[in-house]
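Below: the structure, in structure tokens.
We name chains A, B, ... by the order of the sequence lines, and we start the count at 1 in each one.
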Amino acid sequence: MITDPRLALDLAGVKMQNPLIAASGCYGFGFDYIQWVDPREWGAIALKGITLEPRAGNPPPRLAETPSGLLNAIGLQNPGIAFFLKEIRPLLRELGCPAIANIAGESVDHYRELAAILDGLGEVSAVEVNISCPNVRCGGISFGRDPATVEKLVGAVRQVYRGPLIVKLSLEAGDIGAVARAAESAGADVLSLINTLKGMVIDIHSRRPFLGNITGGLSGPAIRPVAVRAVWEAAEAVSIPLIGMGGIASAEDALQFILAGASAVAVGTANFVNPHIAREINLGLQRYLDDKGLRHYSELVGAARRETDGR
Amino acid sequence: MITDPRLALDLAGVKMQNPLIAASGCYGFGFDYIQWVDPREWGAIALKGITLEPRAGNPPPRLAETPSGLLNAIGLQNPGIAFFLKEIRPLLRELGCPAIANIAGESVDHYRELAAILDGLGEVSAVEVNISCPNVRCGGISFGRDPATVEKLVGAVRQVYRGPLIVKLSLEAGDIGAVARAAESAGADVLSLINTLKGMVIDIHSRRPFLGNITGGLSGPAIRPVAVRAVWEAAEAVSIPLIGMGGIASAEDALQFILAGASAVAVGTANFVNPHIAREINLGLQRYLDDKGLRHYSELVGAARRETDGR
Amino acid sequence: MNRRAEIAHRCLLLANKEIARGWHLFELEAPLLAHAGPGQFVHLRTGSSTDPLLRRPVSIHYADPAAGRIRLLIRISGSGTALAARRKAGEELDLLGPFGRGFPFLDETAPALLVAGGIGMAPLFFAAVQRQRAGLPFEFFMGGQSDALLPPDEYFLAHGIAPLIVTEDGSRGGRGLVTALLEERLAGAVKPLRVHACGPAPMLARVAELARSAGVPVHLSLESRMACGVGACLGCVVHVNVDGKVEYRRVCRDGPIFDGEAVCFDN
Amino acid sequence: MNRRAEIAHRCLLLANKEIARGWHLFELEAPLLAHAGPGQFVHLRTGSSTDPLLRRPVSIHYADPAAGRIRLLIRISGSGTALAARRKAGEELDLLGPFGRGFPFLDETAPALLVAGGIGMAPLFFAAVQRQRAGLPFEFFMGGQSDALLPPDEYFLAHGIAPLIVTEDGSRGGRGLVTALLEERLAGAVKPLRVHACGPAPMLARVAELARSAGVPVHLSLESRMACGVGACLGCVVHVNVDGKVEYRRVCRDGPIFDGEAVCFDN
Ligand SMILES: Cc1cc2nc3c(=O)[nH]c(=O)nc-3n(C[C@H](O)[C@H](O)[C@H](O)COP(=O)(O)OP(=O)(O)OC[C@H]3O[C@@H](n4cnc5c(N)ncnc54)[C@H](O)[C@@H]3O)c2cc1C
Ligand SMILES: Cc1cc2nc3c(=O)[nH]c(=O)nc-3n(C[C@H](O)[C@H](O)[C@H](O)COP(=O)(O)OP(=O)(O)OC[C@H]3O[C@@H](n4cnc5c(N)ncnc54)[C@H](O)[C@@H]3O)c2cc1C
Ligand SMILES: Cc1cc2nc3c(=O)[nH]c(=O)nc-3n(C[C@H](O)[C@H](O)[C@H](O)COP(=O)(O)O)c2cc1C
Ligand SMILES: Cc1cc2nc3c(=O)[nH]c(=O)nc-3n(C[C@H](O)[C@H](O)[C@H](O)COP(=O)(O)O)c2cc1C
Ligand code: FES
Ligand code: FES
């Protein structure tokens with residue numbers, strides 16, 4: 001556990017010891033690693049996406065490895081909000097770091113209902129609205145493409161949820177700036193990006209798509225250059241803070257996102273390779289601050305944009 | 001040089017000995033490898049993108065390696081169409097395989113003018129219209145996003161170019177099916193996809209974007225799952241043949257694209273690692289046909305779609 | 001802060017020996033993993049770059065708590081295992097674990113029947129050695145493609161084990177499938193109390209079927225592609241009957257050993 | 001079909017010796033590359049996975065056509081070179097080449113001055129050995145950070161070469177930069193006929209400046225990130241003055257050796 005004041009932040013009301021977030025879907029409900037890894041190594045943990053009703057998820061195989069990447073098609077398997085409230089919520093205080101609830105629905109009403117239920121819960125420090133999951137037929141990504149839809153959905157959630165509101169974007173929107181602005185103007189406090197890229201692998205022997213769901217979401221180092229660019233473009237479009245993610249596996253990677261304009265960064269796939277990734281990145285950030293003689297990492301947020309006049 | 005009738009095809013009028021195309025921008029004007037590699041190992045060679053006027057290209061650095069990927073920001077450096085006609089065109093007959101001219105412009109008029117000039121030239125077997133280059137400010141990708149623009153541009157080119165017309169798409173279009181249909185209905189004979197994905201790398205020491213052009217296009221194995229998915233979706237949307245590309249580095253990779261619906265495949269980045277890639281992939285395809293007892297590779301085109309009822 | 005267990009282990013590779021074609025026996029200095037039991041696995045980083053990106057689950061093939069050592073038996077079957085097989089004695093391996101629930105009831109006094117297909121013998125060998133040491137009765141059936149693709153007899157005899165081996169081409173033991181052997185055995189008068197099996201999915205499906213119709217309880221070690229190995233990603237699920245309802249269960253955390261009665265072999 | 005030259009070479013690594021901290025000397029069996037000249041390079045595949053994806057250009061450090069062998073000198077400076085450095089004698093390396101135009105005028109009888117910064121000595125060492133063998137006069141100036149980061153004197157003496165060495169920390173030879181040495185030398189009465197230099201860009205810029213004001217022709221070996229290495233991708237360009245116009249030229253095909261007069265050090 002690292003408590004270095006140079007790394008602490010207040011992300012739209014979420015008090016974090018450091019700018020690292022465990023990315024949604026990659027850390028369960030916060031407890032799968034707890035017998036080995038202290039959750040307080042994270043600034044916050046984004047929980048697995050929750051829906052109103054329990055979801056069984058997609059048929060296996062759900063995972064395929066690709067060059068420097070991982071395709072997943074979990075399909076938002078989760079026990080539903082009622083189970084969450086009853087069984088998981090009470091445990092969240094034991095985490096020792098803020099928990100961010102990640103929600104997904106099949107309609108604007110679903111999102112609103114979920115957000116209303118989460119409003120005011122002390123155990124949930126923020127809500128992340130997933131409008132960018134490539135693995136569910138209805139819901140998910142179809143919401144995140146069109147600025148008007150985004151504005152409507154985020155506006156609906158904003159009406160019922162008063163805490164820190166994070167909207168998670170994908171790259172499927174051709175124009176990331178337009179979607180980012182729509183989310184901002186509808187009341188989002190923070191944007192997180194990027195979700196996985198839709199991809200697929202075909203098994204040349206069975207001559208069928210390898211994943212049970214046909215397509216999946218690509219994460220990991222393979223998508224990092226695309227993700228850094230997305231953060232760069234979103235930072236140009238909006239003035240609310242950003243959470244950058246996509247292939248982060250080292251302090252150097254995290255710094256790229258920070259320099260591009262991210263106030264915090266999330267780490268997903270890299271946990272599977274290195275469960276002590278949060279600690280290592282934090283140590284790396286400290287070393288970088290030491291080397292460069294900086295007083296707080298926030299001096300770096302968007303610094304590459306300033307250097308290039310935000311071109 | 002491989003002449004196996006099981007691999008030969010007629011791609012909308014382009015007679016190819018095998019379904020492998022050297023991807024545009026990765027094989028110069030066809031002659032850079034000629035002292036070592038017989039061009040006839042390729043079914044066709046797509047030449048470096050040409051514009052009306054000569055272009056100096058982007059300032060270096062133009063290349064950055066990323067995990068399993070390559071970011072390039074060449075910026076369409078090329079000597080212009082006049083030089084092409086005078087100096088390069090006469091040489092193309094010596095290649096021994098069909099040459100595909102790849103054109104890019106800053107306006108619909110540019111594209112039309114270029115296509116008109118290329119119409120009827122015996123040395124150029126087909127024209128590939130690049131509306132998806134992420135590395136040029138005006139032109140390139142901005143044309144490829146919106147179905148209406150695509151339809152207009154392709155229609156204009158179609159009016160003046162009577163040979164096989166290939167339209168090259170990117171993934172920046174949120175809805176690849178819509179863009180593909182627009183190109184088809186405007187008269188494209190073939191679609192090729194995907195072009196590179198826009199990405200960037202930040203140098204954490206200088207705290208500036210690493211590439212001279214800030215952003216570049218991501219190619220190589222990293223993007224393969226996304227590219228296979230794009231071919232899958234385009235095959236669902238249109239009935240004209242497709243050229244699939246993005247990260248192909250082996251016969252297995254090529255087969256994924258073919259099974260997803262590509263009639264031919266292009267190889268770019270992998271040439272840089274393995275200049276004998278065409279020969280190796282052709283041999284691998286032959287071995288696969290042997291193993292599975294198939295009479296022609298075209299039996300495989302889109303086979304994975306049929307297996308899954310085109311879901 | 002409560003004390004946490006170690007998850008990441010840098011282990012010295014003491015030896016890497018090819019004991020059958022493509023089968024590599026790793027001996028590792030791993031004091032903190034040496035308490036693991038048969039059926040548990042480690043999650044091995046096979047290379048050091050991002051390709052291959054993910055770790056590979058590998059069963060603990062043998063563990064010696066006193067010596068602080070473990071063994072892994074890795075059969076080359078793709079890019080990751082091929083990369084792992086190239087590691088040399090003196091190098092450090094990067095392991096996570098121990099993960100998963102091992103075979104239950106291994107200390108029962110009634111006879112157990114261990115049924116292995118190919119590399120599926122890795123965890124069952126460990127189970128056999130344990131029962132052997134404890135003086136508990138067991139039989140060990142093993143099937144493979146051919147003699148060259150199986151460890152030699154001496155490998156087993158060195159641990160006092162003598163598996164009954166069949167091969168598909170008859171080049172060692174009888175010709176046939178290990179499930180045929182099991183079928184015969186279960187048809188016999190004296191039935192084993194319990195079956196433990198590990199191998200390819202079609203074999204396990206057949207083992208479950210045979211055990212069910214013989215009324216013999218069976219536990220299966222399942223395979224699945226994994227990302228995290230700890231239950232966090234929900235990537236490795238299989239269909240399992242839970243109280244009459246079919247639900248997804250994680251191979252890494254809820255398994256890899258499952259009650260054969262419950263496993264649905266629908267995919 | 002006309003006969004084509006070989007581009008891809010699988011070469012046996014005969015020896016990999018660390019001759020200075022992080023500097024690995026490779027001896028390779030490479031009959032088809034052994035005719036290459038100083039300043040030419042090979043394009044080396046450092047690993048076998050897709051990460052790192054690209055090859056790395058490495059100068060031919062020495063070539064012996066009679067023995068059919070070449071040497072490379074690789075200094076670890078990132079992921080690719082680090083991976084390469086781990087390769088062991090007996091392994092095969094995957095090379096493309098030979099690529100690029102070598103140093104011109106190496107057979108001139110008038111004295112040449114070779115100026116190397118750090119690993120930039122790799123091709124100049126080859127040039128020096130060639131001139132030495134041919135009995136042609138030359139001087140060899142070399143700069144480095146410190147003694148430990150440069151090959152020992154014996155390394156050069158074994159080939160009858162005695163470079164004049166300076167280090168930034170003064171731990172070997174004089175303290176200072178190799179360009180200061182060059183400046184002094186060019187101020188002397190008898191000027192060398194020609195300068196050849198290889199090293200980091202700021203050093204080369206200074207070398208070009210010094211040579212220009214002394215009126216001595218200079219050739220520089222430039223570095224750039226490469227993808228193809230053959231001129232096809234246009235990725236490795238640098239700004240060069242061509243007939244009064246600034247144009248991009250490919251380091252891999254048009255270089256890596258350029259007339260120092262023409263190179264623009266604008267980036
Ligand atoms: C609990 C558990 C314990 C295990 N214990 C052992 C053990 O003790 N020893 C051992 O050797 N192995 C063991 N395994 C299996 C081992 O983890 C696998 O062999 C390994 O995951 C395969 O990895 P690989 O990198 O060699 O092959 P990969 O390259 O991942 O390929 C594995 C197989 O999957 C297929 N495949 C790969 N990618 C694709 C694709 N995109 N499309 C279609 N098919 C594909 C290939 O045909 C190949 O045969 C265990 C597995 C589990 C789950
Ligand atoms: C013609 C030619 C001849 C050469 N000859 C030799 C030789 O004989 N011996 C030799 O040792 N080398 C030689 N080199 C250099 C060698 O090719 C480089 O050292 C190599 O390309 C660096 O590769 P790497 O994988 O070690 O480092 P990389 O990991 O590619 O990094 C190289 C450097 O670039 C920087 N860098 C890498 N990625 C980024 C990024 N994304 N953003 C910002 N900075 C980054 C790093 O700081 C690092 O120092 C030659 C180069 C050329 C062009
Ligand atoms: C197995 C897996 C499951 C995921 N599930 C979710 C999810 O439920 N909700 C969500 O918003 N993002 C989900 N994601 C996306 C990640 O939160 C993250 O945006 C993405 O993986 C990119 O980051 P990475 O490259 O660090 O993994 C999931 C990713 C993976 C790999
Ligand atoms: C260095 C480089 C230059 C390229 N130039 C062009 C170009 O001029 N025109 C074009 O249509 N595509 C161009 N491309 C895109 C490729 O043709 C291809 O679509 C892309 O690289 C994906 O394939 P790959 O992963 O096999 O490289 C270029 C790609 C690279 C790597
Ligand atoms: S591998 Fe992640 S839940 Fe099993
Ligand atoms: S590296 Fe491709 S042109 Fe030089």
For the candidates A:P67, A:G220, A:G69, which exhibits the highest count of non-hydrogen atom pairs separated by less than 4.5 Å from chain C?
A:G69

When heavy-atom pairs shorter than 4.5 Å are enumerated against chain C, which of A:Y33, A:F29, A:Y27 gives the highest number?
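Highest number of pairs under 4.5 Å: A:Y33.
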
Does atom [atom1] ([X]) have a neighbourhood of more than 12 heavy atoms from anything else shown, all under 6.0 Å?
| X | atom1 | answer |
| --- | --- | --- |
| C:E18 | CD | yes |
| A:E53 | CD | no |
| C:R212 | CZ | yes |
| C:R101 | CZ | no |

Does A:R62 make a cation-pi contact with C:Y248 (under 6.0 Å, within 45 degrees of the axis)?
yes

What's the verdict on side-chain contact (heavy atoms from CB on, under 4.5 Å) for A:V273 and C:R45, showing C-alpha distance, side-chain angles and the deciding distance?
CA-CA 7 Å; A:V273 181; C:R45 184 128 193 239; 3.5 Å; yes

Quick one, A:S68 with C:L53, criterion side-chain contact (heavy atoms from CB on, under 4.5 Å). Give me CA distance, side-chain angles, the key distance, then yes/no.
CA-CA 5 Å; A:S68 300; C:L53 180 65; 5.5 Å; no

dist C:C233:SG -> A:N72:CG (nearest 0.5 Å) comes out at 8.0 Å

When rounded to the nearest 0.5 angstrom, what distance separates CE in C:M226 from CZ in A:F272?
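If we round to the nearest 0.5 Å, C:M226:CE and A:F272:CZ are 13.0 Å apart.
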
Closest non-hydrogen atom pair between C:A232 and A:C26, with its separation
CB-O, 3.8 Å

Nearest heavy-atom approach of C:I7 to A:H276 is CG2-NE2, 3.5 Å

Would you check if [X] and [Y] make a side-chain contact, meaning some heavy-atom pair closer than 4.5 Å?
| X | Y | answer |
| --- | --- | --- |
| C:R4 | A:I34 | yes |
| C:C228 | A:N271 | no |
| A:W36 | C:V230 | yes |

Side-chain ([X]) to main-chain ([Y]) donor-acceptor, under 3.5 angstrom:
| X | Y | result |
| --- | --- | --- |
| A:Q35 | C:A5 | no |
| A:Q77 | C:L234 | no |
| C:R55 | A:N274 | no |

Whether A:D32 and C:R250 form a salt bridge (side-chain N of Lys/Arg under 4.0 Å from carboxylate O of Asp/Glu) is what I want to check.
yes

Could you check which of C:A227, C:C236, C:A8, C:S224 has the highest count of heavy-atom pairs closer than 4.5 Å to chain A?
C:A227

Can you check side-chain contact (heavy atoms from CB on, under 4.5 Å) on A:F210 and C:R225, steps first, answer last?
CA-CA 12 Å; A:F210 180 76; C:R225 295 186 160 241; 3.4 Å; yes

